[in-house]
Amino acid sequence: MAKPIKKILNDPRRAVDEMLDGLVLASDGRTKRLAVDAIVKSEIPDGKVALLIGGGSGHEPLFHGFIGENMGDGAACGQFFAAPSPHIVYEAAKAVHRGKGILFLYGNYAGDNMNFDIGAEMLADEGVEVRTVRVTDDVAAAPPERMHDRRGIAGDLLMIRVVGAAAAHLDRLDEVERVAKKAMAGLRSMGVAVLAGSIPETGKLTFDLADDEIEIGMGAHGEAGISRQKLGTADEITDQMMEKILADLPFQAGDEVALLINNLGATTMMEMLVVNRRVRQILAERGITVHRSDVGTWVTSQEMAGLSISLMRLDGELKRYLDMPSRSVGYSSLEVK
Amino acid sequence: MAKPIKKILNDPRRAVDEMLDGLVLASDGRTKRLAVDAIVKSEIPDGKVALLIGGGSGHEPLFHGFIGENMGDGAACGQFFAAPSPHIVYEAAKAVHRGKGILFLYGNYAGDNMNFDIGAEMLADEGVEVRTVRVTDDVAAAPPERMHDRRGIAGDLLMIRVVGAAAAHLDRLDEVERVAKKAMAGLRSMGVAVLAGSIPETGKLTFDLADDEIEIGMGAHGEAGISRQKLGTADEITDQMMEKILADLPFQAGDEVALLINNLGATTMMEMLVVNRRVRQILAERGITVHRSDVGTWVTSQEMAGLSISLMRLDGELKRYLDMPSRSVGYSSLEVK
Amino acid sequence: MRVDDERAAEMLLAVARAVLDRVDDLTDADLAIGDGDHGIGMRRGFEAVELVLENPPSGIDGVFKAAGMAIMSNTGGAAGAVFGSVFTSGAAAFAAQEEITPEGFVEFLTAAQGAVQRRGGVAEGAKTMLDALAPAARAAAGASDLKTATAAAAEAALQGVEATKAMIATTGKARSLGERSVGHPDPGAISMSIILGAMRDYVAG
Amino acid sequence: MRVDDERAAEMLLAVARAVLDRVDDLTDADLAIGDGDHGIGMRRGFEAVELVLENPPSGIDGVFKAAGMAIMSNTGGAAGAVFGSVFTSGAAAFAAQEEITPEGFVEFLTAAQGAVQRRGGVAEGAKTMLDALAPAARAAAGASDLKTATAAAAEAALQGVEATKAMIATTGKARSLGERSVGHPDPGAISMSIILGAMRDYVAG
Ligand SMILES: Nc1ncnc2c1ncn2[C@@H]1O[C@H](COP(=O)(O)OP(=O)(O)O)[C@@H](O)[C@H]1O
Ligand SMILES: Nc1ncnc2c1ncn2[C@@H]1O[C@H](COP(=O)(O)OP(=O)(O)O)[C@@H](O)[C@H]1O
Ligand SMILES: [Mg+2]
Ligand SMILES: [Mg+2]
Ligand SMILES: [Mg+2]
Ligand SMILES: [Mg+2]
């Protein structure tokens, strides 16, 4: 924590606000900002089941960068690493609601759960139907039998894509919820951190790691993982992570999966591609087919260095949604035919 | 240079090789690797004007991550910050040639120029027609009258998109070259670095900056910029960069531009969006219209922290190419209608 | 001291100042076992309390409710929901009351505890602010005057903070630390003890 | 010493070892004014020279050409093109020669210099390896035996390295440093002096 952390910002206390303005401008007219810290799609058709995502800021482009075609309809945005208030959730929800109910999709953290739940109760009082699916993909956070204690990490992106496409194409909230739950049931992730990130408002690193240490299973806010150890080779680290991830569902020969290698912030694409190479070797050995891959920077923890690996088991329906085109400031992909 | 630089790699001397394997796997079948360090599109139609890009590695996803639909047909890849050898250029060129000639598009560095030129001479000996357009967008590198001394930086992405789409839709090498030159003539960029990156094979930072210093105009390999100064606010830094960029072409009221805010590696999306907000304010004040925006991580210098701003002046033809869909491991965008 | 609605607002302003004075400590506590934002979250919440209480609404319950809404809407994170609930749900204890009685104060703490338990889904022992709030509610019970009640509550909350050091977190961002959370106090518990300490100081006056 | 084609291969192996011994110095020199990869690039190139000269082709020009191709194909960067050209283009000087004569050596240096100038598009004074190579060619001219020729070339190259310290770079990655490049030697010039120094040592036996 010796060095001051250098960031290109104005007043850190206004950073989230200014970022949201910058984000809307980057969307070339496809999103707009509400009076509160929330971003919504400029055009949401009547009668559409709405998808509201959100959470603390500091993980950009997650969440607010994922508002767009076949992705979220709106995002309720908190301050750095802090869930949005119920007020923001409520306003964002009202702005995206088109009479068919709203699915709340966000990462499973005590703060998010409480704030989104209060928002949902406010909406229920007004007769707006809300369902909630929480992302609990981090296998490092709790054993499988305590799934509800698991954090949401990079798998958020895959969920937002599948559920976003489902919410754009299915007529009923029930159905969208069903797809979201199915996708979530087959989703597993794990991260590794090599350097800490920092919150601008405090200027402090969120954890300390020795110069030769890494932490396997580190959470997206610097929460403790499952093993602090000496930096090994990419292959060793990958093997260790894949073993945990594959055993957890478990993934099996014949499974088809979506693979996501995500940069926690400051890791180079080169490192991620080297890890991808090893992940694919392991999957090939196990007879697991990769239906589609994504390698990039989507769910970050400020400038934390490290990466995460996510696998989502797919069936025909989930593949169909994942193969649909996506467009947002933070993630775009062409249709796969 | 006190701390060892922690990266998730195997043998650093094999990193480029392993990365290229990982990259091909990440493309889900859309690219393939040659025996040399080069990546080419899996399917290139007969009679297509070929687009060969390339340069040193370490800037991922540039260049090899930009092989795909309406982007490069092939990339000749060097080692870390080192131009590819003529042999690699030659092999990559042969693999993408479809009888209509090849446009070489790469950043203007002595090493790249010499190696690509030797490659071009080898091809000329075999009767393959090659034209070369070098990216010289870095306004910090030399005054306007010495354009040929300017480096290529993040503008590479805009060039690869425009020229990639042109090469996919135009019949003649001449025409593709014309579009490339026009696009290049209206392209200006500048970067700012706040923290150095490092080359894995040496483990050393590529430059030293004091804890409260930044360098405006820093090159993509840590080449000196135009001003080393105390870290100011995002708005101050942006104003300073925009003044240089806008005056250079110069951009004028009524111009339509593509705007690219690019992460040099370890900078957060939050910072880039805060900068984007300011850039857009300045452009609006000057009466310059943004036709499309991109904010993300595309042309990096390993884990250097900092960002660059690029503007390309557009006309109807350039807009048409930029609005076409792109798909590659490192950049995808849906068609704009 | 007789705490009527005007003084209730004054008291909560004193609470806000006390919390704002300790922002850095709260951040450091949260850096040790959480994500390091508790201090800045509480700052946002209690700066909003200061703002809203520049023109306090009428009724003690109105004052507490307004403070609670300010916290709830501006803090964010777990703390926003939890400390917001303390005041919004606890406010009912003062409905139609002209002053804060010792019984009213205990009812406030008990209602707050119930609300937090429901909202957060955890009981005492999970290493949260409940481990300061719940003992405070018990300690204040039966006190014959407000001064004694607030003093007992504040003292119990402080002991509660001490007690959280020995606990293994089972909720919030500290949960994943498991046994490594032992030795550190819970940031939210510290906040709760600051709030109650400021109430005691105000009443002691 | 009479340097025939077998010994030419031995000499270039000695050159490779000399370069490989100085990789870290070359990297440091490039870190100071370039991008820090000159050492690792030269390592790739001259390791490839070692490999190809395990089975040297026949003819002195064949040996030089093979070494040049190995450098050109494996080094990358500016150095690959430049030092590759030194050997591939310089090789012609030895065509149909049974041994390296002092005249042949000078012709090699002169041809190399011309090739580098054409390829790199710069003249002496731009702070490149040319500022070691060109003075070396001049210094060796007229020498009566190979030992004197190589010694003069190596010495001139070293002085050339010294001279690059005072120059402002106008090409390559150091160009953007402008006046700040003053005081540092050019990495490629150092490499050139190492190459010529190793040739001198070999010939001196
Ligand atoms: N489930 C819960 N129930 C009650 N209090 C909780 C719960 N989870 C967290 N807390 C309290 O919130 C505090 C953390 O607040 P804060 O740092 O602002 O939120 P976050 O954890 O979202 O960053 C913890 O110290 C704890 O006292
Ligand atoms: N245009 C040029 N002509 C001749 N030599 C050059 C030229 N540009 C660079 N060099 C030489 O190449 C050296 C740098 O080599 P290296 O670091 O391997 O390449 P890069 O600059 O591509 O990283 C410089 O020190 C200089 O001697
Ligand atoms: Mg938080
Ligand atoms: Mg280089
Ligand atoms: Mg916290
Ligand atoms: Mg170099």
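Hydrogens, waters and symmetry mates play no part in the numbers below; they use all other heavy atoms, side chains included. Here is the naming used below: chain letters follow the sequence lines, and residue numbers restart at 1 for every chain.
Proximity to chain D (any heavy atom under 4.5 Å) is restricted, for B:Tyr109, to the side chain, taken from C-beta onward. With a threshold of 4.5 angstrom between heavy atoms, D:Thr27 approaches chain B through side-chain atoms but not through N, CA, C or O. Using a 4.5 Å cut-off between heavy atoms, B:Ile199 touches chain D through its side chain atoms alone. Only the side chain of D:Asp28 comes within less than 4.5 Å of a heavy atom in chain B; its backbone stays farther off. Of the atoms belonging to B:Glu91, not a single heavy atom falls under 4.5 Å from chain D. For chain D, the nearby parts of B:Asp149 are the backbone and the side chain; heavy atoms of each come within less than 4.5 Å. Residue B:His87 touches chain D through its side chain alone, counting heavy-atom pairs closer than 4.5 Å.
Counting non-hydrogen atoms of other residues, nucleotides and ligands closer than 6.0 Å to CD of B:Glu121 gives a total above 12. Other residues, nucleotides and ligands contribute only 12 or fewer heavy atoms inside 6.0 Å of the CD atom of D:Glu98. The number of heavy atoms from other shown groups lying within 6.0 Å of NZ (B:Lys7) is above 12. Applying the 6.0 Å contact sphere to CD of D:Glu179 captures no more than 12 heavy atoms from other residues, nucleotides or ligands.
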Report task. Report the C-alpha separation of B:Glu201 and D:Asp37 in whole Å, then their side-chain angles, then the decisive distance to 0.1 Å, and conclude whether the side chain to side chain contact (heavy atoms under 4.5 Å, CB included) test is met. Result -> CA-CA 9 Å; B:Glu201 219 168 318; D:Asp37 64 350; over 6 Å; no
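Among the candidates B:Gly111, B:Ala224, B:Ser198, B:Ser301, the residue making the largest number of heavy-atom pairs closer than 4.5 Å to chain D is B:Ala224. Per-residue heavy-atom pair counts under 4.5 Å with chain D were compared for B:Ala142, B:Ala83, B:Pro86, B:Ala140, and the maximum is reached by B:Ala83. Annotation: maximal heavy-atom pairing with chain B below 4.5 Å, among D:Thr170, D:Val82, D:Asp35, occurs at D:Asp35. Chain B forms more heavy-atom pairs under 4.5 Å with one residue of D:His38, D:Met69, D:Glu47 than with any other, namely D:Glu47.
To the nearest 0.5 Å, the span separating CD1 on B:Ile118 from OG on D:Ser85 amounts to 4.5 Å. The OG atom of D:Ser73 sits 8.5 Å away from the CD1 atom of B:Ile88 when rounded to the nearest 0.5 Å. B:Asn113 CG to D:Thr171 OG1: the interatomic distance, rounded to the nearest 0.5 Å, is 8.5 Å.
Nearest approach of B:Thr202 to D:Gly36, heavy atoms of both residues: CG2-O, 3.7 Å. Taking every heavy atom of both residues into account, D:Ala78 and B:Met114 meet most closely at CB-CE, 3.8 Å.
Using a 4.5 Å heavy-atom threshold, the side chains of D:Leu31 and B:Lys204 count as touching. Between D:Ile40 and B:Arg13 there is no side-chain heavy-atom pair separated by less than 4.5 Å.
Not a single donor-acceptor pair under 3.5 Å links the side chain of D:Arg175 to the backbone N or O of B:Glu223.
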